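Read the structure below first, then the notes.
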Amino acid sequence: MNKKISLGLTLALIFVSIAATVAVTMAVAMRMYNSIIKDLPSRSKLYSSVSELDDIVRNNYYGEINDSLLNADLSAGYADGLGDPYSYYMTASEYAVYQDELNGKKVGIGIIPFFNPQDMAIYVAEISENSPAALSGLQKGDKITVINEEKVTAYNYSDLLEQLTGDQLSTVTITFERDGASKTVSVVKGYTAQSVYSNLNGTVGYIKITEFYATTADQLKKAVENLSNQGATSLVFDVRGTSAGTIEYAATTLDVLVPVANEGSGALATALAKDGTEKQTFTADADSVSMPMLVLVNGETAGPAELFACDLRDYGKAQLVGQKTAGNGTMQQAFPLSDGGAIVLTMAVIKPYVSESYNQVGLTPDVEVALSDEKQTILPLLSQAEDDQFQKAYTMLTGETGEE
């Protein structure tokens, strides 16, 4: 038997539903309003100060005002005013380069150059096999003295280094010295920059990671496979001086080496917001590498490189050899702006796989090995035989002295 609901009850139910909806809407609105109004006084003061300064300048400044430059410098100043060394503003052109680098699309001639302050020259610190530079005859350790007919000096080397990248399929003329002889070659630009370099020393595979970009994980996987096929039975990862890249790509690179995360939070890393909530987690699959490993670190190992080193130790995969790391345990994100530029902001602190946060603390190596000041200055140019930290790692893995 169907029961009929009275008109009064129906109307009452409708009014209750409307009231509930209004109450929920008002609660949400109030939360949004409170979050906005909370910063309103400080925002108002900031806008008032900038407006006052702008009025004074525009009414009294004798010179011409370049609004584009002024806006860019204001944005850069705002980022600097945060007092965070890892937050910064990028112009449109800088942001384009930044995106290309993160995506592994930066082009060049296939080398990592290093300016040696001891003799004011640029050296080839690393070179990619079959790159334009290698095919033109350049080798690791070569001293570059002239670029595009301009002699390298302490004053122009940074500008000249930029001529070795970009402008796909254009050429750059390089004069270099080796064993007292000088040679000039034309090298085609257009080789996609690498972030992983490797070689075999006896049965120890050496892998240098220079940045953690979108292509780093695949490059690492290939390097490990190649070294294994050549007879490597152990690995030394070198992240000394490495800080570029992102936490996301460091986690992707770690995933090549470690199995599924099942301790701690069950993640390779967790990004925690200011209020302690999880902003992002980074996981791993079941694939892993079982060879003995060591990681070389120093005071310039920072950010994503620290996570890489910390997690390998947390997994029991590797010990750390070298010197205490920088202590940047935060995650940054780039936010595009309407002028084509972007602001990179620190948005979270990183909790590693098992360890406590290394932010503002750094990672203390399991085996501390210091380099002399002289060697530290030219670290990228040291041979493995001259590198005390590599030699210690090699001995730990083999019980012998390195061959190179």
Side-chain angles (χ1 to χ4, degrees), residues 195-198 204-213 216-221 223-225 227-228 232-270 281-329 331 350-359 361-369 389-390 392-394 396-397:
S195 55
V196 176
Y197 298 83
S198 63
V204 176
Y206 168 83
I207 298 177
K208 172 66 179 177
I209 302 176
T210 57
E211 300 96 5
F212 288 91
Y213 292 160
T216 302
D218 285 340
Q219 291 178 27
L220 176 66
K221 187 174 183 179
V224 171
E225 289 174 351
L227 289 169
S228 179
T233 58
S234 59
L235 299 171
V236 173
F237 296 103
D238 188 352
V239 290
R240 293 173 297 178
T242 302
S243 60
T246 68
I247 294 296
E248 175 188 0
Y249 294 141
T252 304
T253 305
L254 277 163
D255 190 18
V256 175
L257 304 172
V258 300
V260 174
N262 52 32
E263 293 186 42
S265 64
L268 288 172
T270 306
T281 58
F282 304 93
T283 59
D285 60 26
D287 295 335
S288 64
V289 174
S290 58
M291 283 189 278
M293 305 172 189
L294 292 173
V295 185
L296 302 181
V297 297
N298 66 5
E300 295 177 344
T301 301
E306 285 180 283
L307 175 63
F308 178 84
C310 183
D311 268 11
L312 282 182
R313 180 163 65 180
D314 280 356
Y315 268 91
K317 286 280 190 178
Q319 289 185 303
L320 310 187
V321 178
Q323 294 168 286
K324 191 173 183 178
T325 64
N328 173 18
M331 184 172 79
I350 294 300
K351 174 67 173 68
Y353 177 47
V354 175
S355 297
E356 293 302 314
S357 172
Y358 48 83
N359 190 43
V361 177
L363 302 171
T364 299
D366 301 282
V367 180
E368 294 199 37
V369 180
Q389 293 168 338
F390 173 82
K392 180 61 177 180
Y394 188 95
M396 289 174 64
L397 291 169

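Only a predicted model underlies this, so the values are computations on that prediction, with no experimental measurement involved.
Using a 4.5 Å cut-off on side-chain heavy atoms (C-beta onward), Val258 and Asp311 make no contact. Proximity of Thr252 to Phe282: side-chain heavy atoms (C-beta onward) are nowhere separated by under 4.5 Å. Counting heavy atoms from C-beta outward, Lys317 and Ser288 have side chains that approach closer than 4.5 Å. Annotation: side chain of Ser195 is in contact with side chain of Thr210 (closest heavy-atom distance under 4.5 Å). Annotation: side chain of Tyr315 is in contact with side chain of Pro259 (closest heavy-atom distance under 4.5 Å). In this structure the side chain of Val297 never reaches within 4.5 angstrom of the side chain of Leu363, judged on heavy atoms. Two residues are said to be in side-chain contact when any heavy atoms from C-beta on lie closer than 4.5 Å; Asn359 and Ile350 fail this criterion. A 4.5 Å side-chain heavy-atom check between Tyr358 and Pro352 finds at least one atom pair inside the cut-off.
Rounding to the nearest 0.5 Å gives a distance of 13.0 Å between CZ of Phe390 and NZ of Lys208. One distance of note links CD1 of Ile207 with CG of Leu227; it measures 5.0 Å at 0.5 Å rounding. Remark: Tyr206 OH to Ser234 OG distance equals 14.0 Å, nearest 0.5 Å. A distance of 5.0 Å separates CD1 in Ile247 from CG in Leu307, rounded to the nearest 0.5 Å. Note that the CG atom of Leu220 and the CZ atom of Phe212 stand 8.5 Å from one another [nearest 0.5 Å].
Of all heavy-atom pairs spanning Val256 and Ala217, the tightest one is CG2-O, 3.7 Å. Considering every non-hydrogen atom in both Leu312 and Val295, the closest pair reads CD1-CG2, 3.7 Å. Taking both residues in full, the closest heavy atoms of Ala223 and Ser198 are given as CB-OG, 4.0 Å, listed atom of the first, atom of the second, then distance. The nearest pair of heavy atoms linking Met291 to Ser228 is CE-CB, 4.4 Å. In this structure, Ala393 and Leu294 approach most closely via the heavy-atom pair O-CD1, 3.3 Å. Between Ser243 and Glu300 the shortest heavy-atom distance is CB-O, 4.4 Å.
In terms of modelled atom types and a separation under 3.5 Å, the side chain of Lys324 and the main chain of Val361 share a donor-acceptor contact. Of the possible donor and acceptor atoms, none in the side chain of Gln319 sits under 3.5 Å from a partner among the backbone N and O of Val367. The main-chain N or O of Ala302 is never found under 3.5 Å from a side-chain atom of Asn328 such that the two would form a donor-acceptor pair. At least one donor-acceptor pair closer than 3.5 Å links the side chain of Gln389 to the backbone N or O of Val369. The backbone N or O of Thr301 sits less than 3.5 Å from a side-chain atom of Asn298, completing a donor-acceptor pair. Tyr213 places no side-chain N or O within 3.5 Å of a backbone atom of Ala244 that could act as its donor or acceptor partner.
Counting only N and O atoms by type, the side chains of Thr216 and Thr253 include no donor and acceptor under 3.5 Å apart.
Between Leu296 and the options Val239, Asp238, Leu320, a side chain to side chain contact (heavy atoms under 4.5 Å, CB included) holds for only Asp238.
Between Phe237 and Phe308, the ring-plane angle classifies as perpendicular under the 30° and 60° cut-offs.
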Problem set entry | Verdict with supporting geometry, Val236 and Tyr394, side chain to side chain contact (heavy atoms under 4.5 Å, CB included) | CA-CA 8 Å; Val236 173; Tyr394 188 95; 6.0 Å; no
